[in-house]
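What follows is one structure encoded as structure tokens, with my remarks underneath.
We name chains A, B, ... by the order of the sequence lines, and we start the count at 1 in each one.
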Amino acid sequence: MSLKQDNRFQAIIAHAKEYGFVFPSSEIYDGLSAVYDYGPYGSELKKNIKDYWWKSMTQMRENIVGIDAAIFMHPTTWKASGHVDNFSDPMIDNKDSKKRWRVDHLIESYANTLKEKGGEDEKKAEQLLATMDALLAKDDFVGLKNLIEDNKIKGPISGTTNWTDIRQFNLMFSTQLGSVAGDAETIYLRPETAQGIFVNFLNVQKTSRLKIPFGIAQIGKAFRNEIVARQFIFRMREFEQMEMQFFIRPGTQKEWYEYWKEERLKWHLSLGIPKESYRFHNHTKLAHYADAALDIEYDFPFGFKEVEGIHSRTDFDLSNHQKYSNKKLTYFDNEINQHYIPYVIETSIGLDRMFLLILSYSYDEEVINKEDGTKDSRVVLHIPEIIAPIKLAVLPLIKKDGLPEIARKLIDECKPYFRCFYEEKDTIGKRYRRQDAIGTPYCVTIDHQTKEDNTVTLRYRDTMVQERININAICEKLKERFII
RNA sequence: GCGGAAGUAGCUCAUCUGGUAGAGCAUCAGCUUCCCAAGCUGAGGGUGGCGGGUUCGAGUCCCGUCUUCCGCUCCA
């Protein structure tokens, strides 16, 4: 990361706090690590991003419907999804290299080196793995550590056997359901929203009378106990996902995967963000549920990073839920006269990451050449106007002579359609700058001439160009532009 | 989680080797009546991240802790 990019990221974080977009959570108590709150303009922007996504995925498509599932789910859900088995791994740290390893990976790689030697060592390796599996099944961490020490397994980096104790890291947050301590059942805060869709698959399909291919969309919070959560709102422990699971006939997953890959990129580009800022990253190492997966990456100030994932999830989730629940989760396809468990293509975008993407894209420190030859500067957020927190600021040039009254009247006319802002304090230039800093795309200034001929100045955020137009045309002209 | 750095007003920072905390900007009120920040007057705002220790006395020295940033690690 270059110094310049680093500074830019710091500036964006500071700007987000100063102008009421994002605050550290519980800040008066020193904050809570990797948890953030959205302020007045932030919550407005976040809501607009949600609406923009929701409309494009549901309202604009006949075959996708939405749901809003609970964060708490039956504990067996997470056994079926693979989260319990795959994401609660015992880990061990090498004190010299300061590197952390998954215990099973460490022992397996040692066993592999033994196997390559052949002969006696090959047998020893198999025995080692068998012992390891037995210990893992019992969660016997002391036994596992002894196993590592007895075999003198070395850290691949340091080459030493100076190990910490083995500790369990679980990605899922747990809590107790039921107020009576003894009867309480451990349940988890969902680590992804997808499972709420899968367990409701038949409910939704039947009540909405949907035919494959169809999709179910959902926006909601998910929780992951990341070992290291950092980079502002990019990786948080509590975050919000916008995802859609698209149910298809088995065997058609390749074409639908390609379809959604392109559709989702189009959505990003529709906000006016340049194509060069995006790239696809194909996964070579696939997750336990996927047969193909890619990330849509954005060029953040700290490099290209994932903002959205497209995953071909096969029938992994529905099959497993069928297995664990003993409920049939098949679909009858009239066209081919067959029952089957549908395959799934998932599109999953991090709402908070999208928010950060918009800030990163929008934030700009401009130098302006003034008419008198001197230089000036401004900080401006070029937020795509359709998702801007405030759409229009109405500013009386001075706060008397009846100008405020005219301004209020214009706001009353516009506010049913889009968010407006009124301000009469400070010089007009200063007020323009404040609106630039929160990304307001349009400002209208009421002056004395307004009283004579009903015209006002309409000022554009990005170009700073001003034009004189009739006050009665403002609302009509703008409201069309802000329909999400 | 490990290592490094930092934490003083909303923001940016100052306070020489320990001696009762200061500026600019911002905010608010008033004046000015202005079409692209930085005009005038006044006001509010800090138990120096938090806790403990050393000292007659700690923002300043020591320990702990929390948070943030950087590097490593993790990221279905």
* Nucleotide of B:A76, B:U32, B:C70 approaching A:Lys399 most closely (side-chain heavy atoms) -> B:U32

* Asked: Between B:C11, B:A76, B:A37, which nucleotide has the shortest distance from any of its atoms to the side chain of A:Arg224?
  -> B:A76

* Rounding to a whole Å, what distance do you find between A:Leu458:CG and B:C36:P? -> 16 Å

* Structure fact -> Against the side chain of A:Ile428, the closest entry in B:C34, B:C28, B:A76 is B:C34

* B:C70 and B:G64: how far apart are their C1' atoms, nearest whole angstrom? -> 23 Å

* **A:Ile368 or A:Arg353, whichever maps to the more 5' nucleotide of RNA chain B** => A:Ile368

* Set of side-chain contact (heavy atoms from CB on, under 4.5 Å) partners for A:Thr252, sequence neighbours left out -> A:Ile248, A:Arg249, A:Glu255, A:Trp256

* Charged N-O contact under 4.0 Å between A:Arg8 and A:Asp364 -> no

* **Listed partners of A:His15 passing ring pair (Phe, Tyr, Trp, His ring centres under 6.0 Å), at least two apart** => A:Tyr19, A:Tyr363

* Asked: Taking 4.0 angstrom as the limit, do A:Lys305 and A:Glu297 come out as a salt bridge?
  -> no

* Touch class at under 4.0 angstrom, heavy-atom based, for A:Arg461 against every strand present -> nothing

* To do: Could you pull out all residues at least two apart from A:Glu346 that satisfy salt bridge (charged side-chain N to carboxylate O under 4.0 Å, His left out)?
  => A:Arg313

* **Residues forming a salt bridge (charged side-chain N to carboxylate O under 4.0 Å, His left out) with A:Lys221, sequence neighbours excluded** => A:Glu238

* List RNA chain B stems (3 or more consecutive Watson-Crick/G-U pairs, under 3.5 Å)? -> B:1-7 with B:66-72, B:10-13 with B:22-25, B:27-31 with B:39-43, B:49-53 with B:61-65

* Separation between the P atoms of B:C11 and B:U47, rounded to whole Å -> 14 Å

* Asked: In whole Å, what separates the C1' atom of B:U68 from that of B:C28?
  -> 30 Å

* Touch class at under 4.0 angstrom, heavy-atom based, for A:Leu397 against every strand present -> base

* Asked: 5'-most contact on RNA chain B: A:Met464 or A:Ala14, nearest heavy atom basis?
  -> A:Ala14

* To do: Just compare B:A29, B:A76, B:C35 and give me whichever is closest to any side-chain atom of A:Thr457.
  => B:C35

* Partner set under side-chain hydrogen bond (donor to acceptor under 3.5 Å, both in side chains) for A:Asp315, not counting sequence neighbours -> A:Ser319

* Asked: Do the ring centers of A:Phe232 and A:Tyr36 come within less than 6.0 Å of each other?
  -> yes

* Pairwise P distance for B:C40 and B:C50, with rounding to whole Å -> 35 Å

* **P gap between B:G59 and B:G52, integer Å** => 13 Å

* Asked: Where the side chain of A:Lys17 is concerned, which of B:A76, B:C35, B:G10 is the nearest nucleotide?
  -> B:G10

* Asked: Considering only B:A76, B:C35, B:A37, which nucleotide approaches the side chain of A:Arg433 most closely?
  -> B:A37

* What distance, rounded to whole Å, do you find between the two C1' atoms, one in B:G49 and one in B:U41? -> 36 Å

* Could you measure between the two C1' atoms, the one in B:A38 and the one in B:U65, and give it in whole Å? => 42 Å

* With a 6.0 Å cut-off on ring centres, are A:Tyr343 and A:Phe247 close enough? -> no

* Can you figure out which of B:U27, B:A37, B:C35 approaches the side chain of A:Ser377 most closely? => B:A37

* Please determine, for the side chain of A:Thr427, which listed nucleotide (B:A29, B:C34, B:C35) has the closest atom? => B:C34

* Using a cut-off of less than 4.0 Å, is there contact between a side-chain N or O of A:Lys430 and OP1 or OP2 of B:A38? -> no

* To do: Classify the side chain of A:Arg459 and the base of B:C36 as holding, or not holding, a donor-acceptor pair under 3.5 Å.
  => yes

* Ignoring the backbone of A:Arg434, work out which of B:A76, B:C35, B:U27 is nearest its side chain. => B:U27

* Using a cut-off of 4.0 Å on non-hydrogen atoms, how would the nucleic acid contact of A:Gln466 be classed: base, sugar-phosphate, or nothing? -> base

